[in-house]
Amino acid sequence: MAAFMLLSVPFTPVELWLVKSLIDRIQAWTPLMPLGPMMKVAVGLALLMVMNNIVFGVPIPMAQTRLMEIGTLEEQRLIIGKTSRLPLKDVEAPGVKDMRVRAMQISLYEICHTGVGLLRSTIQLVVLSAVLLAYGQWIPLIAVYISALLLTVVSGQTAGKLEGLSRKQAPNRRLLRHYADLLTKRTAAKEIRLFGLGRLLSERWSDLSARQALETEDAVRAAELRKLGPELLFALLGGLLLSLLVLLPGASAWSAGDFTLLFLTITMLLSELNGWSGQAVSLRRHYMRWGDFRAYMKLEEETDRQRLRASVAAEKQGGEAALREERPFTGSEDRGSAGFPRAQILSGRIGASAEDGGVRGAVSETGNAVNGALGSMRLQVSGLRFRYPGAACDTLNGLDLAIPPGCRVALVGENGSGKSTLVKLLAGLYEPTGGVIEWSDGQGERLSAEAVRMKQSAVFQDFMRLYLTLRDNVALGNMALRGEDAILRQKLQSSGSRLLELDTQLGAAFGGMEPSGGEWQKIVTARTLLRDARFVFFDEPTAALDPQAEKDAFDMFLQVTEGRSALLVTHRLGAAKLADVIYVLKQGRLIEQGTHQELLHCGGEYSRMFRLQASWYA
Ligand SMILES: Nc1ncnc2c1ncn2[C@@H]1O[C@H](COP(=O)(O)OP(=O)(O)OP(=O)(O)O)[C@@H](O)[C@H]1O
């Protein structure tokens, strides 16, 4: 396309010369003279116009459409790919979201097209300037160029300001999209109608839109006013030049063809200068957006961080192993023979401390422990800290815990105590702000981040609902088994699902059946079962289940975690009884650990929460 665009440039001087020649011949023609030479020039001119308009006019728009499609796909591919490689913490960060929206504004096609257009315009300007110089008109030429340059500089500055405003408005644009989503998406429709929020939200949306529009309007008005002077100067100079053509030096010797040629050249020069200025400004805007795109593409990726963490951890490993021999993690001073920490209240809040006898009992030593049968995993966490970007304080504050192979652990605590955050850290979805999370196999060999990921599985509270077939939803756990109908059905049955027709389309929005919240949860559990994981996270897996389904789910929990390590986050303290050890989290700190019986006996936070919950059923 670039070649076609540039190839059309040499046609301009030839066209101008043919016009001049034709006019001069028409002027000199008398009825006694032959028409042939004049007709030849006219046909030459017509051919040139056909070439310009049809030969170059057809392939260029076709190539433009194709390039635009390719460019858009490529931009989307790059941004989607990059986003999928970013750490979850960054994907959730508002600043990164705004960066992504700005990055998505780039257009590779527009950048190329503007660049080539600018090059074509520059060559065209050189050609047209050469024609004017051939007629000795350098003074008007310089005047026109100076005014065009002034216009370009001022337009460039105003474009920069408008682009800056657009960046500043990005968070509010996000809020506008959020309002629009609330007002149009099915998930929010129930509450919006029930509480009569439609009008309020619409008004907020309108107010914010109007404020944004006003801000933009003010900025555009100021920009246009700044450009007014240079634009008037440019237009005035151009107009004067064209209207006073006959007064230019040397004009007395020019033929009608010369006048026509100069008139056309000046008209084209003015239009080309205007276009050149617009393209230069547009290129500046593209350059700023390109900067945003590059900044987004340069964000540190998860794999880079993991590699860094792995090498730092490897360096530290020797030292830490030695340190652990001297000072094992909190509570490990008092282990059962299966390696479980004994029960204790880890803070002095309720009248006992680890030092003065906080250890009040022994954890069952049988537990769920296995060694090696399924390839077990051991987790050791020391001094774990985590702070969300922009948060004023740490969400997790110096956690020490260990989960030996084959151990079922329950994590309980009040809302906002940091349970889900801990799960995301252990699942490798967030990077710790401080401390070490170390996974090792049954033989104590440290596992790589990739190996850990392959051996983990999870049922999250906010699990992914894929509006494809039931088969695809279950097979996500292990795509290699997508065609194994018997296995897929067996996993669905084990998870208590009554939906067994694998090729059923799910999602009413896609013309399929809409599973209830509990049915979705069972499908997701089947997905988890399909992945032969060694460590399974259950983050409130029964939140949407009825009492029978909940009981079945906990039976299933025992069954599927047999011989595996598991971390169950739950507010149902009755279910925590199923665990070999219970950790109690409060304000980002572990305050108690032990079995259900031991913690009840301790009379601490767990005991208080359990009795409170039990009182409802008494
Ligand atoms: N993406 C986030 N950005 C900033 N802060 C967050 C984010 N997610 C959670 N938090 C904060 O971190 C703290 C712990 O949240 P978390 O979801 O881990 O608690 P939880 O114990 O799982 O709570 P719940 O029992 O209510 O599910 C809360 O104060 C919460 O406001």
Side-chain angles (χ1 to χ4, degrees), residues 67-118 156-181 208-209 212 215-216 219 279-312 386-391 395 421 424-425 427-433 449-450 453 462 464:
L67 278 176
M68 205 182 309
E69 278 170 8
I70 296 172
T72 310
L73 281 178
E74 185 58 16
E75 287 145 34
Q76 288 175 356
R77 192 185 66 77
L78 288 171
I79 290 176
I80 291 172
K82 179 71 191 181
T83 307
S84 67
R85 292 191 301 273
L86 287 179
L88 185 64
K89 193 172 73 166
D90 289 347
V91 174
E92 290 172 347
V96 175
K97 281 185 189 163
D98 291 339
M99 245 175 132
R100 182 167 54 249
V101 171
R102 290 201 305 270
M104 284 171 84
Q105 286 177 346
I106 65 143
S107 162
L108 295 176
Y109 163 76
E110 285 290 338
I111 293 174
C112 295
H113 187 248
T114 313
V116 175
L118 198 67
Q157 284 171 348
T158 53
K161 285 199 172 135
L162 288 177
E163 205 58 34
L165 176 69
S166 163
R167 282 180 181 175
K168 202 183 100 202
Q169 288 180 332
N172 273 346
R173 271 203 301 277
R174 194 150 35 81
L175 187 56
L176 280 174
R177 269 198 303 279
H178 178 56
Y179 282 140
D181 280 352
L208 191 57
S209 303
Q212 295 263 90
E215 233 177 24
T216 312
Q279 277 169 330
V281 172
S282 166
L283 206 61
R284 185 194 153 131
R285 194 176 294 130
H286 285 311
Y287 180 72
M288 287 176 79
R289 290 184 184 166
W290 178 248
D292 292 333
F293 178 76
R294 275 177 44 125
Y296 188 72
M297 296 312 279
K298 274 188 178 168
L299 285 175
E300 200 182 340
E301 293 181 6
E302 193 168 36
T303 45
D304 298 344
R305 287 183 190 216
Q306 280 174 343
R307 250 180 259 130
L308 192 68
R309 190 180 61 160
S311 64
V312 171
F386 182 75
R387 181 177 298 202
Y388 281 101
T395 294
T421 307
K424 286 179 192 157
L425 278 155
L429 301 174
Y430 290 157
E431 282 293 304
T433 312
E450 195 46 39
R453 192 166 292 197
D462 49 351
M464 183 169 66

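Just so it is clear, the model here is predicted, and its values are computed rather than measured.
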A.B. asks: So, Q169 side chain and Q212 main chain: donor-acceptor pair closer than 3.5 Å or not?
C.D. replies: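 Pair found, side chain donor or acceptor close to backbone of Q212.
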A.B. asks: So, the side chain of E75 versus the backbone of L108: is there a donor-acceptor pair under 3.5 Å, distance only?
C.D. replies: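 Side chain of E75 to backbone of L108, a donor-acceptor pair under 3.5 Å: yes, one is there.
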A.B. asks: Test of understanding: with side chain to side chain donor-acceptor pair (under 3.5 Å), list the residues that count as partners of R177, not counting sequence neighbours.
C.D. replies: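 Residues passing side chain to side chain donor-acceptor pair (under 3.5 Å) with R177: none at all.
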A.B. asks: With sequence neighbours left out, what residues match Y287 under ring-ring contact (aromatic ring centres under 6.0 Å, His included)?
C.D. replies: none
A.B. asks: In this structure, are over 12 heavy atoms from other groups packed under 6.0 Å from R294 atom CZ?
C.D. replies: no
A.B. asks: Examine distances only and state if a side-chain atom of R85 and a backbone atom of G81 form a donor-acceptor pair shorter than 3.5 Å.
C.D. replies: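 Between the backbone of G81 and the side chain of R85 there is a qualifying donor-acceptor contact (under 3.5 Å).
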A.B. asks: For R173, give me all partners under side chain to side chain donor-acceptor pair (under 3.5 Å), at least two apart in sequence or on another chain.
C.D. replies: none
A.B. asks: Under the salt bridge (charged side-chain N to carboxylate O under 4.0 Å, His left out) test, which residues partner D292, sequence neighbours left out?
C.D. replies: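 Scan of D292 (salt bridge (charged side-chain N to carboxylate O under 4.0 Å, His left out), adjacent residues dropped) gives R102, R167.
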A.B. asks: Atom CG of L162 and atom CZ of R285: how far apart are they, to the nearest 0.5 Å?
C.D. replies: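 If we round to the nearest 0.5 Å, L162:CG and R285:CZ are 7.0 Å apart.
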A.B. asks: I'd like to check the side chain to side chain donor-acceptor pair (under 3.5 Å) partners of K424; sequence neighbours left out, ordered by chain and number.
C.D. replies: none
A.B. asks: Quick check: are there more than 12 heavy atoms from other residues, nucleotides or ligands sitting under 6.0 Å from NZ of K82?
C.D. replies: yes
A.B. asks: Considering non-hydrogen atoms only, spot the tightest contact between L165 and A219 and give its length.
C.D. replies: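 Nearest pair, atom of L165 first, then A219: CD2-CB, 3.6 Å.
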A.B. asks: Sequence neighbours excluded, which residues qualify as ring-ring contact (aromatic ring centres under 6.0 Å, His included) partners of F386?
C.D. replies: Y388, Y430
A.B. asks: Any side-chain heavy atom of D90 sitting closer than 4.5 Å to one from L299?
C.D. replies: no
A.B. asks: Side chains of M68 and E110, heavy atoms from C-beta outward: is any pair under 4.5 Å?
C.D. replies: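 Answer no - side chains too far apart.
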A.B. asks: When you measure from the side chain of T433 to the backbone of R387, do you find a donor-acceptor pair of N or O atoms at a distance under 3.5 Å?
C.D. replies: yes
